[in-house]
> 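The structure under discussion is supplied below as structure tokens; questions concerning it will follow.
We name chains A, B, ... by the order of the sequence lines, and we start the count at 1 in each one. All values below come from the heavy atoms of this structure, side chains included, with hydrogens, waters and symmetry mates left out. In this text, all values refer to a predicted model and were calculated from it rather than measured experimentally.
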Protein chains: 4
Amino acid sequence: MSAEPSERSDLPAMAGTPATPPASHQRRKAERPSELLDAALQLFVEKGFAATKTEDIARLAGVSKGTLYLYYTSKEDLLREVISQRVSTRIAEGLAQAAAHQGSATELMRTLLVDWWMQTLESDASGVFKLVVSEVRNFPEIAELWFNEVSQPGSQLIGGMVQRGIDSGEFRPVDVLSVVYSIVMPLVMLCVHRHSLGACECPGMSLEPQAFIRAHIDLVLRGISTHPEP
Amino acid sequence: MSAEPSERSDLPAMAGTPATPPASHQRRKAERPSELLDAALQLFVEKGFAATKTEDIARLAGVSKGTLYLYYTSKEDLLREVISQRVSTRIAEGLAQAAAHQGSATELMRTLLVDWWMQTLESDASGVFKLVVSEVRNFPEIAELWFNEVSQPGSQLIGGMVQRGIDSGEFRPVDVLSVVYSIVMPLVMLCVHRHSLGACECPGMSLEPQAFIRAHIDLVLRGISTHPEP
Amino acid sequence: MSAEPSERSDLPAMAGTPATPPASHQRRKAERPSELLDAALQLFVEKGFAATKTEDIARLAGVSKGTLYLYYTSKEDLLREVISQRVSTRIAEGLAQAAAHQGSATELMRTLLVDWWMQTLESDASGVFKLVVSEVRNFPEIAELWFNEVSQPGSQLIGGMVQRGIDSGEFRPVDVLSVVYSIVMPLVMLCVHRHSLGACECPGMSLEPQAFIRAHIDLVLRGISTHPEP
Amino acid sequence: MSAEPSERSDLPAMAGTPATPPASHQRRKAERPSELLDAALQLFVEKGFAATKTEDIARLAGVSKGTLYLYYTSKEDLLREVISQRVSTRIAEGLAQAAAHQGSATELMRTLLVDWWMQTLESDASGVFKLVVSEVRNFPEIAELWFNEVSQPGSQLIGGMVQRGIDSGEFRPVDVLSVVYSIVMPLVMLCVHRHSLGACECPGMSLEPQAFIRAHIDLVLRGISTHPEP
DNA sequence: GATGAATGAGGTTTCATTCAT
DNA sequence: AATGAATGAAACCTCATTCAT
């Protein structure tokens with residue numbers, strides 16, 4: 001939220017000057033789209049697309065109703081952009097992290113999955129899961145985007161790790177796809193939950209997310225391991 | 001469609017009851033509320049609460065716009081009724097099934113969980129999961145209902161089974177709540193998915209639900225078992 | 001204006017009863033479209049399409065904003081309907097009158113043209129000329145309608161009369177089309193004028209329309225006659 | 001485009017005038033108002049006042065939205081200026097031409113009317129007729145302007161010629177005003193038509209304007225002449 | 001002078017709800 | 001009980017105008 005990287009850090013600030021932003025008008029223009037996207041995501045996730053008023057998005061972003069339309073052609077456009085933008089950011093992160101790590105499949109899964117999903121859960125990207133679940137049927141193009149950019153690469157990545165474990169003898173010869181779902185669905189659900197029932201006053205899930213993620217991964221690993229630890 | 005047997009089955013009234021009156025008309029009247037609820041559920045799940053028009057609900061139920069208001073005081077009323085009605089029906093079913101079964105914790109879980117969730121997934125009750133996920137934040141009373149009628153008793157039931165397994169030595173002394181979530185979240189997610197991404201044209205999950213549910217339960221059981229089968 | 005023929009004069013009213021209208025609700029519904037069209041025509045002609053507010057049309061027709069949309073799908077729809085409806089009515093009238101008359105070409109023109117154009121000028125159909133002139137370029141479909149339903153048949157009719165006069169020796173062998181325009185353009189312009197400059201306070205044209213029309217037709221007839229009266 | 005010779009023709013400044021300054025930039029500045037008026041006229045005529053966007057006017061004139069407001073205080077101001085400017089230019093031309101000519105009333109009308117109206121029809125001044133017809137009722141001040149600057153002097157001029165013909169025995173003792181309208185209305189209508197139905201794809205008037213104007217004047221002259229040519 | 005980002009009043013259209021029939 | 005015509009609040013979006021740069 002409000003994490004705009006302030007675009008192209010404009011020349012190293014001269015020592016002493018407190019990095020004055022170049023000019024309020026220009027600054028604003030550069031940041032508007034991102035601020036609007038943040039506001040839109042927050043409200044779409046909270047209230048749903050149809051129940052969110054464009055004026056509220058604008059107000060939350062600190063601009064007037066009309067300004068929104070200088071940057072996005074319609075409320076629906078805003079929805080598309082919010083999803084595709086936030087999703088691609090997060091997926092790129094995941095691939096980068098995967099490339100950086102190494103080790104046994106077991107180790108890899110224990111670190112990579114826990115890290116990436118914790119970051120996702122705690123960033124506002126987690127809201128996108130709930131948003132997509134709620135709105136795909138009204139906006140079929142989102143389905144395609146999601147499949148190509150998220151489901152497919154995600155399954156590939158995790159499925160690849162499971163397969164490696166099988167090949168190396170760490171894991172039993174399980175049905176890879178089925179295991180991928182067993183691993184991933186609770187994590188997705190965690191994100192969804194955080195922005196639906198989890199956001200309500202009610203007692204809710206009395207369990208630390210991080211603790212649960214670790215326990216869940218361990219549970220699955222033990223379930224597929226050839227040599228379960230005692 | 002749990003309840004309404006659809007007006008076609010006009011079985012002869014049992015002797016003793018006064019010759020059933022012009023049937024088709026009387027029957028209809030009695031079934032209206034339920035038909036409206038069916039229609040509402042279908043559309044709320046498909047389009048979301050805000051994007052569903054009362055007129056569409058009425059039309060789908062085969063009545064006029066005004067008639068809807070003879071049975072329900074508002075669109076929101078319809079939402080509340082749909083959820084609480086469908087939910088209580090399904091939960092009662094679950095408790096009944098649980099009471100009927102017996103055997104080891106492992107066995108119990110393998111049959112009970114698979115059966116109940118498969119029925120739920122295939123009935124239109126599965127849509128309620130998606131509906132609740134999408135709408136709770138706009139209607140906080142739903143959260144309370146859900147917690148009291150679903151989350152709480154559901155966790156109790158499954159948690160109870162896990163605890164029994166631990167007590168009997170079938171399962172390792174795991175954190176019960178955590179395991180409950182690992183078990184249940186993919187199953188909930190399956191229901192949600194069926195009415196969001198799963199309902200789109202896109203390739204989607206290429207996995208038989210029943211096969212997955214079995215595999216998932218097995219995976220978890222192996223993960224918590226003290227004597228995993230080789 | 002407000003000249004709705006009250007649809008299907010419902011059975012001869014019993015002598016004594018003042019022809020009670022059948023039921024206010026039903027009555028209204030039947031008359032609404034026509035009342036809305038009247039209101040729309042008046043305002044579109046007066047202010048132009050873009051400057052007319054749908055709410056004003058509704059108010060002038062004595063209904064609320066929303067009611068308008070029960071009968072017409074959009075403001076533009078209203079424009080199309082107004083034009084095509086009023087035009088076809090008037091043209092049918094003209095053809096009927098032409099069929100009814102007979103006599104020499106000269107006589108025919110002197111009666112038919114004067115009568116039809118005077119009626120048109122004084123009915124609210126005259127506004128349609130101004131409306132079409134002002135709006136065709138924004139709504140090209142109107143051009144087609146106008147050409148097929150008005151320009152074409154109108155030219156045919158008048159051109160036919162001129163040709164008959166030439167054939168019978170009443171008129172010199174003039175260029176028919178050119179004469180048609182010389183005849184018709186001032187009459188069209190009279191209609192247009194009545195709803196633009198003619199509607200302003202300014203001194204305006206100090207000439208009785210009927211007197212002008214007669215004089216104009218006489219002038220043209222003398223211009224093409226083979227035996228101009230002395 | 002009566003006035004602005006378009007910045008391309010940079011004829012060498014006549015000796016004596018100080019070497020023209022950085023030309024293209026200075027020139028532009030001086031021509032801005034006129035370029036804006038041209039753009040405004042074109043769009044007002046094409047789309048109507050209300051449906052024309054100030055931004056489109058600015059873009060067509062090659063400046064930004066804000067610049068427009070440096071020269072004109074409002075969109076309405078632009079409308080007033082466009083009309084009064086174009087009108088006075090054209091009327092002045094007409095008076096000049098009238099003063100330059102001489103001869104019999106018949107001759108005068110045959111040359112003067114044909115020339116002036118052909119020039120008007122082909123310049124963008126013709127659009128002003130359509131614009132005025134469409135917009136007077138929304139801007140009553142235009143009516144006054146039009147009456148004083150156009151209708152009045154125009155009627156005077158033409159009426160004067162007719163009267164001269166009557167006095168000289170060329171024309172019969174007709175009603176002058178009526179004849180003026182018979183003469184002028186088709187010519188005005190020609191201008192209006194050119195920017196409304198005439199601008200559409202439809203078949204349209206299949207008649208050369210110049211041929212028609214000549215024929216029309218001839219027709220009227222024959223209609224009022226005391227000695228019609230055989 | 002020139003720009004174009006920003007504003008917000010105002011216009012069109014939708015839709016939950018009412019109520020006369 | 002059932003209908004569906006009518007309402008009007010409210011939502012989306014546009015665009016004339018302003019003003020900081």
> To the closest 0.5 Å, what do you measure between CD (D:E46) and NE2 (D:H195)?
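Interatomic distance, D:E46 CD to D:H195 NE2, rounded to 0.5 Å: 10.5 Å.
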> Apply side-chain contact (heavy atoms from CB on, under 4.5 Å) to residues C:D38 and C:V82 and explain how you reach the verdict.
CA-CA 8 Å; C:D38 284 336; C:V82 148; over 6 Å; no
> Testing the basics here: between A:K130 and B:V133, what is the closest heavy-atom pair and its distance to 0.1 Å?
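So the two residues come closest at CE-O, 3.4 Å.
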> Which atoms form the tightest heavy-atom contact between A:L36 and A:A61, and what is the distance?
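Shortest heavy-atom contact: CD2-CB, 3.6 Å.
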> Looking only at the side chain of C:K65 (C-beta and beyond, no hydrogens), which of the listed nucleotides F:dT3, F:dA10, E:dA6 gets closest?
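Given the options F:dT3, F:dA10, E:dA6, the side chain of C:K65 is closest to F:dA10.
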> According to the Watson-Crick and G-U wobble definition with distances under 3.5 Å, which dot-bracket string, read 5' to 3', encodes DNA chain F, using [ ] for crossing pairs and | for pairs with another strand?
.||||||||||||||||||||
> Residues two or more places apart in sequence or in another chain: which of them pass side chain to side chain donor-acceptor pair (under 3.5 Å) with A:S134?
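Applying side chain to side chain donor-acceptor pair (under 3.5 Å) to A:S134 gives B:S134.
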> At a heavy-atom distance below 4.0 Å, what parts of residues 67-80 of chain C sit against DNA chain E?
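Only C:Y69, C:S74, C:K75 qualify.
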> Quick one: does A:L68's side chain get under 4.5 Å of A:L78's, heavy atoms only?
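Yes, close enough: below the 4.5 Å cut-off.
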> Do any side-chain nitrogens or oxygens of D:R32 fall under 4.0 Å of OP1 or OP2 in E:dG1?
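For E:dG1, neither OP1 nor OP2 has a side-chain N or O of D:R32 closer than 4.0 Å.
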> Where each residue is assigned the nucleotide of DNA chain F containing its nearest heavy atom, which of B:S64 and C:G66 is assigned the position nearer the 5′ end?
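On the 5' side of the pair lies B:S64.
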> Select one nucleotide: of E:dG8, E:dT3, F:dG4, the one nearest the side-chain heavy atoms of D:V63.
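Per side-chain heavy atoms of D:V63, the pick is E:dT3.
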> Taking ring-ring contact (aromatic ring centres under 6.0 Å, His included) as the test, write out the residues that go with C:F49, two or more places apart.
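Only C:F44, C:F139 meet the ring-ring contact (aromatic ring centres under 6.0 Å, His included) criterion with C:F49.
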> Using atom CG of B:L36 as one end and atom P of F:dA1 as the other, report the distance to the nearest whole Å.
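Rounded to the whole Å, the gap is 13 Å.
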> Taking salt bridge (charged side-chain N to carboxylate O under 4.0 Å, His left out) as the cut-off, I'd like each qualifying pair that reaches into residues 69-80 of chain B, sequence neighbours left out, listed once.
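Qualifying pairs: B:E76-B:R80, B:D77-B:R80, B:R80-B:E141.
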> For the OG1 atom of C:T52 and the CG atom of C:L60, what is their distance to the nearest 0.5 Å?
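Reported to 0.5 Å precision, the distance equals 10.5 Å.
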> Give the residues of residues 44-58 of chain D touching DNA chain F, defined as any heavy atom closer than 4.0 Å, sorted by residue number.
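DNA chain F contact set from residues 44-58 of chain D: D:T52, D:K53, D:T54.
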> Taking all non-hydrogen atoms of both residues into account, name the closest pair between C:Y71 and C:P33 and its distance.
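Smallest heavy-atom distance, with atoms named: CD2-CG, 3.9 Å.
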> Applying side-chain contact (heavy atoms from CB on, under 4.5 Å) between C:I83 and each of C:V136, C:V132, C:L37, report the one that passes.
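That would be C:V132.
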